[in-house]
2 protein chains.
Amino acid sequence: MTAVLVIEDDDRIRLALLLALEEEGYRAYGVATAEEGLQRQRADPADNVLVDLMLPGMDGFEYIRQLRRDDDVPIVVVSARDDTHDIVAALEAGADDYVVKPVAIKELSARLRALRRRGRAGTTPVSSHVVGELEVSPEEGEVRRAGRIVPVTRTEFRLLCELAEHVGRVLSRRQLLQRVWGYDTGDERLVDVHVGRLRQKIEDDPANPRHLVTLRGLGYKLQR
Amino acid sequence: MTAVLVIEDDDRIRLALLLALEEEGYRAYGVATAEEGLQRQRADPADNVLVDLMLPGMDGFEYIRQLRRDDDVPIVVVSARDDTHDIVAALEAGADDYVVKPVAIKELSARLRALRRRGRAGTTPVSSHVVGELEVSPEEGEVRRAGRIVPVTRTEFRLLCELAEHVGRVLSRRQLLQRVWGYDTGDERLVDVHVGRLRQKIEDDPANPRHLVTLRGLGYKLQR
DNA sequence: CCTGATTTGTCACACAACTGTCATGGAACC
DNA sequence: GGTTCCATGACAGTTGTGTGACAAATCAGG
């Protein structure tokens, strides 16, 4: 899943952006200052960065310059100021796009997509989740166990991706039903069945699962 | 010198843009229709394309889609309409940026620079893709299998190129339909048929493909 | 232009794979 | 020991895919 880092000091705007981005299918997280933004991006690099220009302490321009020293991530400025001088300065500093608040989330999302498309010129290393001897690669549409390809069905694959994206965290049947099947309501036993089938394929001893474990009364989780 | 192609039917606006761009140090030339734009860009490729959306005959959206089939040049839409729906549609069609008229030339110039900066990153047009015993050469327009030339049709060739450019990655029928045929909508079975025909030519045992494999529910991919 | 050959897209059918439901029995919890 | 929760096997309905036939469109050559 595509991760987006939002740097914006106004709490309400930041939260609204994060919510809207998650709605669009991104994994989004935010910080309030440029300093935090630099730290965060170095520790856990996002695929896109959204940054406000007016920030307390280090401002957006300086943030962009500093980040660009060692990171080629697409940067989009989200600013309230619709001023040619600011736009030019931000782009010169190394930003890739500049949108003016208030921004339509659909537009923002489309611009992010366009940027990633362009950035991905050439060959991007395929991203995959590694959990112990298990490897789930959404891009290749493959699951490998100790290097060998394990054939899984589409539903199983989606389920596994969802679990792999949240390694170590419990996901309730309802959450899985919602995210994998898109069902708001429905029989939760359905999840059980597919978890069972998945275990047959990815576990050494399906009766005593080591990776895809049950947490009674809570749900399932994937663990290393 | 950086060349820019401007496609805009309003003579005054087009000339004003051309003048301003030359002022900024670009070599700029323009045409009034999308059809001319396609022709011109194929005959003498510019480094950037500016295109209006509302054009007589073929509109800007269609222009972008058609050009994108075989040209990766950065495309900026310059439109009078400041409408989220248009913006999203243009970016989805393959545009890289969207600015609203009237536009400050300094901003436009900065956006073009930002685009080129990103565009050059890793855009090394590969002469041929090698996938196992298979060799796809976009430049020569040839497909070889174990050194022998395999005759494929134009559509098959495009399809194979698209798959070869993303070796190891799943491409959905919709993605293929979009990238190979330029269709936004349409019957996905069309892809199946062409994949089938391609298999007859490039696979040892077309019923058990080793390279051009199906990922049920996901799409197709080419694998080594 | 005209004509025949090739290529392209549509359709329908058959088959295989997958999905969701249910019932049963077992395990964990109190 | 009773209750809740979970695992699993079977099964019927659904969906997804491969393929051959065919007509429309396009191309090549006279």
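All heavy atoms count here, side chains included; hydrogens, waters and symmetry mates do not. The sequence lines fix the lettering, A, B, ..., with proteins before strands; numbering per chain opens at 1.
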Exercise for the section: Could you verify whether a donor N or O on one side chain and an acceptor N or O on the other, from B/Y220 and B/R173, lie under 3.5 Å apart? Expected result: yes

Practice task
Determine the contact category for A/Y220: base if any of its heavy atoms lies under 4.0 Å from a base atom, sugar-phosphate if only primed atoms, P, OP1 or OP2 are that close, otherwise nothing.
Solution key: sugar-phosphate

Practice task
Let me know the distance between CG of B/L159 and P of C/dT7, rounded to the nearest Å.
Solution key: 15 Å

Problem - For atom CG of A/D192 and atom C1' of C/dT21, their distance in whole Å - result: 13 Å

Exercise for the section: Check if the side chain of A/R197 and the base of C/dG20 share a donor-acceptor pair of N or O atoms closer than 3.5 Å. Expected result: yes

Practice task
Remember a base hit wins even if backbone is also touched, and classify B/G217 as base, sugar-phosphate or nothing at under 4.0 Å, heavy atoms.
Solution key: sugar-phosphate

Problem - Between P of D/dT17 and CD of B/E188, the distance in whole Å - result: 9 Å

Practice task
Using atom NE2 of A/H194 as one end and atom C1' of C/dT21 as the other, report the distance to the nearest whole Å.
Solution key: 11 Å

Exercise for the section: Select from A/P206 and B/V195 the residue whose nearest nucleotide in DNA chain D is closer to the 5' end of that strand. Expected result: A/P206

Practice task
Kindly indicate whether the side chain of A/R189 and the base of C/dT21 share any N or O donor-acceptor pair separated by less than 3.5 Å?
Solution key: no

Practice task
Would you kindly give the CZ-to-P distance between A/R173 and D/dA7, to the nearest whole Å?
Solution key: 6 Å

Exercise for the section: Would you mind classifying the nucleic acid contact of A/V193 as base, sugar-phosphate or nothing, using non-hydrogen atoms under 4.0 angstrom? Expected result: base

Exercise for the section: For the residue pair B/S137 and B/E142, confirm or rule out a side-chain donor-acceptor distance under 3.5 Å. Expected result: no

Handout entry: A/V130 backbone acceptor or donor facing A/R224 side chain under 3.5 Å
Key = yes

Practice task
Taking only the side-chain nitrogens and oxygens of B/T153, find out if one of them lies under 4.0 Å from OP1 or OP2 of C/dT8.
Solution key: yes

Practice task
Scan B/R199 against the nucleic acid and name what it touches under 4.0 Å (heavy atoms): base, sugar-phosphate only, or nothing.
Solution key: sugar-phosphate

Problem - Short side-chain to backbone donor-acceptor contact, B/D96 and B/I75, under 3.5 Å - result: yes

Handout entry: side-chain N/O A/W181 vs C/dT19 OP1/OP2, d < 4.0 Å
Key = no

Problem - B/E62 versus B/Q66, side-chain donor and acceptor atoms under 3.5 Å - result: yes

Fill in the blank from the handout: Ranking B/E156 and B/R216 by the position along DNA chain C of their nearest nucleotide, the one closer to 5' is B/E156

Practice task
Answer with base, sugar-phosphate or nothing: what part of the nucleic acid does A/R154 contact at a heavy-atom distance below 4.0 Å?
Solution key: sugar-phosphate

Completion exercise
Quick note, A/T155 side chain, CB onward, closest among D/dT8, D/dT19, C/dG20 is C/dG20

Practice task
Specify the separation, in whole Å, of atom CG of B/L176 and atom P of D/dT17.
Solution key: 12 Å

Problem - Euclidean distance, atom OH of residue B/Y183 to atom C1' of C/dT10 [Å, nearest integer] - result: 11 Å

Exercise for the section: Please state how far atom CG in B/L215 lies from atom C1' in D/dG16, giving the value in whole angstrom units. Expected result: 13 Å

